[in-house]
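Predicted model only: the values in this text are computed from it and were never measured. The chains referred to below are lettered A, B, ... by the order of the sequence lines, with proteins before strands, and numbering in each begins at 1.
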2 protein chains.
Amino acid sequence: MPEELFKTVSSSRVSQVIVDQIRLLLKEERLKPGDRLPSERELCVHFGVSRVTVREALRILEASGLVEIRVGARGGAFVTTPDARQVGEGLATLLSLSPLTAAEVTEARLVVELGIVPLIVERATQEDLDDLRAMCDEHAEALERGEYTMELSADFHTRVAACTHNAAIKMLVESFHGPLLMSLRQAQTVEPQMGLLGSKEHRDFVEAVAARDLDAATATMNAHLQRTASRVKDEHAEGGPATG
Amino acid sequence: MPEELFKTVSSSRVSQVIVDQIRLLLKEERLKPGDRLPSERELCVHFGVSRVTVREALRILEASGLVEIRVGARGGAFVTTPDARQVGEGLATLLSLSPLTAAEVTEARLVVELGIVPLIVERATQEDLDDLRAMCDEHAEALERGEYTMELSADFHTRVAACTHNAAIKMLVESFHGPLLMSLRQAQTVEPQMGLLGSKEHRDFVEAVAARDLDAATATMNAHLQRTASRVKDEHAEGGPATG
DNA sequence: AATGGTTTAAGGTCATACCAAAATACCAGG
DNA sequence: CCTGGTATTTTGGTATGACCTTAAACCATT
């Protein structure tokens, strides 16, 4: 008897079938961001399954970042507008568990952030430059108040990436900064002179971009990132931060 | 009754708390890949919650690619070994739904794959070169048989990325190729002359790397990627591929 | 020893009930 | 009429307890 007659009755899990169906609706844009799915109880009768099963499907969709669930009247599952933060989070969890070393991630970051400098020099608008300069000013003030954190630095780099006017690249850089902030908390409180130097390098970079000076911009960014990279490498080579 | 004096806005969802706890165990490596979590019923009593809640937590962990669930005796939730494929999948689902254009993704890919050329030229071992040459030979044969696919090309680029000996970068490139193959299926069947040209460029690149000629390698890869990029752009600018 | 049924551990699903939160409806007091 | 508090309703969150399906291990028959 030819076995091809029997199609392997896959998907032994009903909840997964529901997930697939809703995914399909999303892909075909019959469900658009902001739309609200029927309530759990309605979905039950619609799919002819119990509420538990529907809820499991919703959990999966939620964990995939495809829907957001709100409670209360007029609550329910709402299709989310996909953004980089979710990708970054998912990437962060896996990064934090994968055998990747901080040095590797840092090097990858270096490749990306250096590689986009030409695009930035070419495409940065006046508004971009204004934003970046304003950021530098703010950071300088924060630095004086002793409130300069890695997070501010990360914001700067993200804003720089946005100057490429390429959402994929922006997403990529954001994804890198999320995990790095999470895993490299040891560098959270930036030593004053370090922050001062980094802040100055940020400003130099902005001005190089403003002058459309690719070589200067690349050199500045390179020095800036290399310094960060070497610090990361040092701290990890010495068996971890003193903070244990 | 004290009852958790400082219980911040902690998500109000018990299943999420369980997820966080298990995540923590993973992060602290108290749970390693291959380990089996207690059965659902055991987890119930352990956490003092119902089975529904435990199951939702497991669904989330499963959707996040952190555990794999097997049914039957000796079944249960097993910690998975994290790999790039999962990152790529998660990225792919979001990419396919995000407002990213193919052109943006392609440009990002271009930045990364060009940016790593210096690392490759510097670090490629003899084994790397042997592998790449073997790949080129195989692809040439496949081309003659008319079996040259985008997937083979993607394999080549992934192998090239592996020459950086940086797992993060390899993962990054893989993640790009996964979604691209999924979403840009229009270029699935490569026209013979296209494949021939691409294949030749691959070989040229390998030899440039073998000669440790950074400029030649960069130029070759740049031309190769630019050609692909422009093709993607064209096909999307013209309102979709003719193949439908 | 090989085959085939039986037990058993585990996840998958169902049904019902109740709780908690959020939006709305409603009503009393100014 | 407006304001503000209360009740109601909608909807997700959780708890129980039962039953089914799967898959491995165990056992009995041939």
Side-chain angles (χ1 to χ4, degrees), chain A residues 1 3 6-23 25 31 33-80, chain B residues 1 3-4 7-23 25 31 33-80:
Chain A
M1 187 188 308
E3 295 171 21
F6 310 108
K7 41 190 171 186
T8 49
V9 184
S10 69
S11 69
S12 60
R13 249 199 306 209
V14 179
S15 53
Q16 191 58 50
V17 175
I18 296 179
V19 168
D20 291 341
Q21 290 206 26
I22 296 181
R23 267 227 180 89
L25 292 181
L31 278 176
D35 286 358
R36 173 177 171 277
L37 271 61
S39 72
E40 294 183 352
R41 288 161 176 94
E42 286 177 278
L43 288 173
C44 289
V45 302
H46 179 6
F47 287 111
V49 299
S50 83
R51 218 180 128 206
V52 183
T53 305
V54 167
R55 284 177 59 76
E56 292 203 349
L58 291 179
R59 284 291 89 74
I60 294 174
L61 290 171
E62 188 188 29
S64 310
L66 266 42
V67 304
E68 170 199 3
I69 286 163
R70 295 203 279 268
V71 302
R74 290 288 201 271
F78 292 80
V79 179
T80 59
Chain B
M1 194 190 299
E3 191 190 354
E4 280 109 3
K7 186 179 172 184
T8 54
V9 189
S10 62
S11 66
S12 81
R13 237 192 325 200
V14 181
S15 53
Q16 191 58 51
V17 175
I18 296 179
V19 168
D20 291 341
Q21 289 206 25
I22 296 181
R23 267 223 179 90
L25 291 181
L31 280 176
D35 285 0
R36 174 177 171 274
L37 271 61
S39 74
E40 295 183 351
R41 281 145 178 114
E42 286 177 278
L43 288 173
C44 289
V45 302
H46 179 7
F47 287 112
V49 298
S50 83
R51 214 179 133 209
V52 183
T53 305
V54 166
R55 283 178 59 77
E56 293 203 350
L58 291 179
R59 285 291 89 75
I60 294 174
L61 290 170
E62 189 187 29
S64 309
L66 266 42
V67 305
E68 171 199 1
I69 286 162
R70 294 204 280 269
V71 303
R74 295 284 200 277
F78 293 81
V79 179
T80 58

Quickly work out the [X] [atom1] to [N] [atom2] distance and round it to whole Å.
X     : N      : atom1 : atom2 : value
A:R59 : D:dT14 : CZ    : C1'   : 11 Å
B:I60 : D:dG13 : CD1   : C1'   : 12 Å
B:Q16 : D:dG12 : CD    : P     : 18 Å
A:E62 : D:dG12 : CD    : P     : 12 Å

Q | Proximity to DNA chain C (any heavy atom under 4.0 Å), residues of residues 33-50 of chain B only | A | B:R36, B:S39, B:E40, B:R41
Q) Which residue, B:A77 or A:R74, contacts DNA chain C at a nucleotide closer to its 5' end, judged by nearest heavy atom? A) B:A77
**Q.** B:L58 versus B:A77, closest heavy-atom pair with distance
**A.** CD2-CB, 4.1 Å
**Q.** Minimum-distance pair of heavy atoms, taken over all atoms of B:E42 and B:P38
**A.** CB-CB, 3.8 Å
Minimum-distance nucleotide (side-chain atoms of [X] versus [options]):
X     : options                : answer
A:E56 : D:dT9, D:dG13, C:dT13  : C:dT13
A:V71 : C:dA22, D:dA23, C:dG11 : C:dA22
B:T53 : C:dA22, D:dA15, D:dG13 : D:dA15

Q | Most 5' of B:R51 and B:V54 on DNA chain D, judged by nearest nucleotide | A | B:V54
Q. With no hydrogens and no angle check, is any side-chain donor or acceptor of B:R36 less than 3.5 Å from a backbone partner on B:G75?
A. yes
Q. Across the strands shown, which category fits A:L58 at heavy-atom distances under 4.0 angstrom: base, sugar-phosphate, nothing?
A. nothing
